[in-house]
There are 2 protein chains.
Amino acid sequence: MSRADRLMDLLDRLRGAGETTIEALAADLEVSQRTVHRDLAALRDRGHPIRGESGPGGGVRYDGDRGVTAVHLTLAEVVTVWLSARLSQAASDLPWSGAANSALAKLLASLPASRARDLRALCRRVVVGAPSSAQVRADAGTAPPELLRLFEEAFTEGVGLGFHYCDREGKPSDRRVEPHGLLVMSPVWYVLARDIDKGEPRMFRMDRMSQPRRLDAHRFRPDDLVIAQVLCDGPPWRPLLGDLP
Amino acid sequence: MSRADRLMDLLDRLRGAGETTIEALAADLEVSQRTVHRDLAALRDRGHPIRGESGPGGGVRYDGDRGVTAVHLTLAEVVTVWLSARLSQAASDLPWSGAANSALAKLLASLPASRARDLRALCRRVVVGAPSSAQVRADAGTAPPELLRLFEEAFTEGVGLGFHYCDREGKPSDRRVEPHGLLVMSPVWYVLARDIDKGEPRMFRMDRMSQPRRLDAHRFRPDDLVIAQVLCDGPPWRPLLGDLP
DNA sequence: AGGACCCTGACAGATTCTGTCAGCAATGTC
DNA sequence: GACATTGCTGACAGAATCTGTCAGGGTCCT
């Protein structure tokens with residue numbers, strides 16, 4: 001039996017048995033005690049809560065459901081983690097960025113299937129572009145504080161979003177849009193939307209929006225096509241490879 | 001990474017992603033496609049319902065309802081998530097950034113006490129500064145690819161790190177240092193270290209380093225004082241509040 | 001003190017694993 | 001039907017990993 005098989009067997013045994021000893025495990029798996037220690041270390045390195053107790057009557061046990069509750073993340077929290085990881089990978093090669101993918105995979109794997117589907121659908125609508133140019137970065141403002149929450153809600157729930165907008169030339173207008181997508185380019189971000197009144201796909205920069213409000217009356221189904229349309233004739237942006245792991 | 005680790009990672013990825021291809025998995029896990037096939041076979045042998053579909057648009061998927069399992073992240077993975085979250089909060093106010101703290105808190109709560117301690121100790125040595133100025137950003141290069149892994153190892157394990165360095169004026173030198181800390185300023189990052197030969201605290205920018213190597217012979221205890229010393233007389237940097245939740 | 005436990009480091013030989021090459025099978029597209 | 005795409009399998013040599021042994025360190029209970 002290969003080491004990989006043995007490690008998984010060991011994990012099953014630890015989860016099953018309440019408490020065992022290294023000696024018993026070694027006999028069970030037909031390897032030396034030293035090897036069992038090594039295997040336990042490997043599992044611990046992977047984050048498994050395995051505790052050893054010294055002294056007579058001691059042993060090894062898996063602390064699965066003892067005080068340590070399984071992580072129960074909300075949809076928003078997983079999206080956060082996903083987005084952050086993508087962004088830091090986009091920034092450049094930072095230390096530890098390699099582990100981001102595996103962390104995301106594990107988080108996704110832990111979610112119930114239906115929720116994982118929702119999450120994937122949500123992430124498909126978020127486009128992470130390369131960080132903005134120095135020029136954009138220089139005149140980037142801040143988004144109105146209440147926009148964040150309102151956008152998140154409208155985006156996830158599929159309801160319309162209304163706001164005041166000042167375009168590049170400073171011309172003001174009042175908009176009612178369907179927020180289909182989100183484009184993030186490091187310090188600034190854009191709402192990829194379909195204008196309800198004009199029926200046209202458009203993108204709106206977050207620091208040019210003001211007085212956001214929910215349009216509960218208007219609901220829509222997120223459509224990837226709108227995102228594609230906006231990105232086609234929008235300002236230059238570079239897509240980043242890397243969908244969901 | 002050992003095969004055993006890779007097999008478990010593979011399983012997580014299969015459960016996390018809805019459907020992938022051998023090619024993507026191979027790239028992700030950094031092995032050949034043949035090896036991915038072998039690993040999939042091993043998992044199938046253990047009874048995992050993994051189905052492959054031939055033809056264009058085909059792929060591999062995990063059938064069956066994976067139950068809600070607990071998340072077990074590696075130390076490196078938690079550091080990744082922590083660092084990413086900090087960085088994207090530093091960048092600006094992006095949507096969903098509010099949930100980052102609660103996500104981190106939940107992840108931390110799920111760790112065994114001893115692991116949480118390790119994590120805190122590690123994160124205390126990582127300083128997240130504000131994104132670099134446009135000037136620095138303009139002439140920022142890329143780090144040598146093998147530096148990432150080597151630095152991570154040396155940093156966490158407390159072993160020395162050797163490398164060639166070209167300072168601001170382009171003067172080359174060969175260095176042997178103890179990597180005590182890490183300063184991240186958006187696209188660039190610095191190793192906060194103590195020079196073994198000169199005994200002085202110094203900081204080294206990642207894109208000025210080359211030919212990195214482990215110095216297994218030299219071990220050290222991480223010391224916050226070195227970090228403080230380096231940051232005192234280094235170039236300007238702005239600390240970001242926000243320790244671990 | 002002493003014994004029953006868990007844990008860690010070093011080392012050499014044995015085992016396993018990995019990439020390459022080569023080919024086959026299934027599925028969809030033109 | 002030809003073709004491209006994708007999954008799957010076999011063989012093999014070199015490289016990497018793993019394993020047992022030995023030796024020591026802790027902790028806890030009696």
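Quick note on labels: first sequence line is chain A, next is B, and so on, each numbered from 1.
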Please say which of B:Asp39, B:Val31, B:Thr35 ends up in a side-chain contact (heavy atoms from CB on, under 4.5 Å) with B:Arg3. B:Asp39
Residue list, ring pair (Phe, Tyr, Trp, His ring centres under 6.0 Å) with A:Phe220, at least two apart or on another chain: A:His180
Please check if any side-chain donor atom of B:Ser173 sits under 3.5 Å from a side-chain acceptor atom of B:Arg175, or the reverse. yes
Can B:Arg176 and B:Asp197 be counted as an ion pair, charged N to O under 4.0 angstrom? yes
Give a yes or no on whether the backbone of B:Asp167 and the side-chain of B:Arg205 come within a donor-acceptor separation of less than 3.5 Å. no
In whole Å, what is the span from the CZ atom of B:Arg44 to the P atom of D:dG7? 10 Å
Using whole Å, report how far NE2 of A:His37 lies from P of C:dC7. 6 Å
Could you list by number each residue of residues 3-17 of chain A showing a heavy-atom separation from DNA chain C of less than 4.0 Å, or answer none if no residue does? none
Short question: side chain of A:Thr80, backbone of B:Trp96 - any donor-acceptor pair under 3.5 Å? yes
What integer distance in Å separates A:Asp39:CG from C:dC6:P? 15 Å
Going by the angle between their ring planes, with limits at 30° and 60°, are B:Tyr62 and B:His48 parallel, tilted or perpendicular? tilted
Heavy atoms under 4.0 Å, any strand shown: does B:Arg51 hit a base, just sugar-phosphate, or nothing? nothing
Let me spell it out: for each of A:Met1 and A:Glu23, pick the nucleotide of DNA chain C with the closest heavy atom. Which residue's pick is nearer the 5' end? A:Glu23
Rounding to an integer number of Å, can you tell me how far B:Ile22 CD1 sits from D:dT9 C1'? 12 Å
Give the rounded distance in Å between these two atoms: CG of A:Leu29 and C1' of D:dC18. 15 Å
Looking at B:Phe163, B:Phe151, B:Tyr190, which hits ring-ring contact (aromatic ring centres under 6.0 Å, His included) with B:Phe204? B:Phe163
Contact pattern, 5' to 3', of nucleotides 20-30 of chain D - B, S or - by protein heavy atom under 4.0 Å: BB----BBBS-
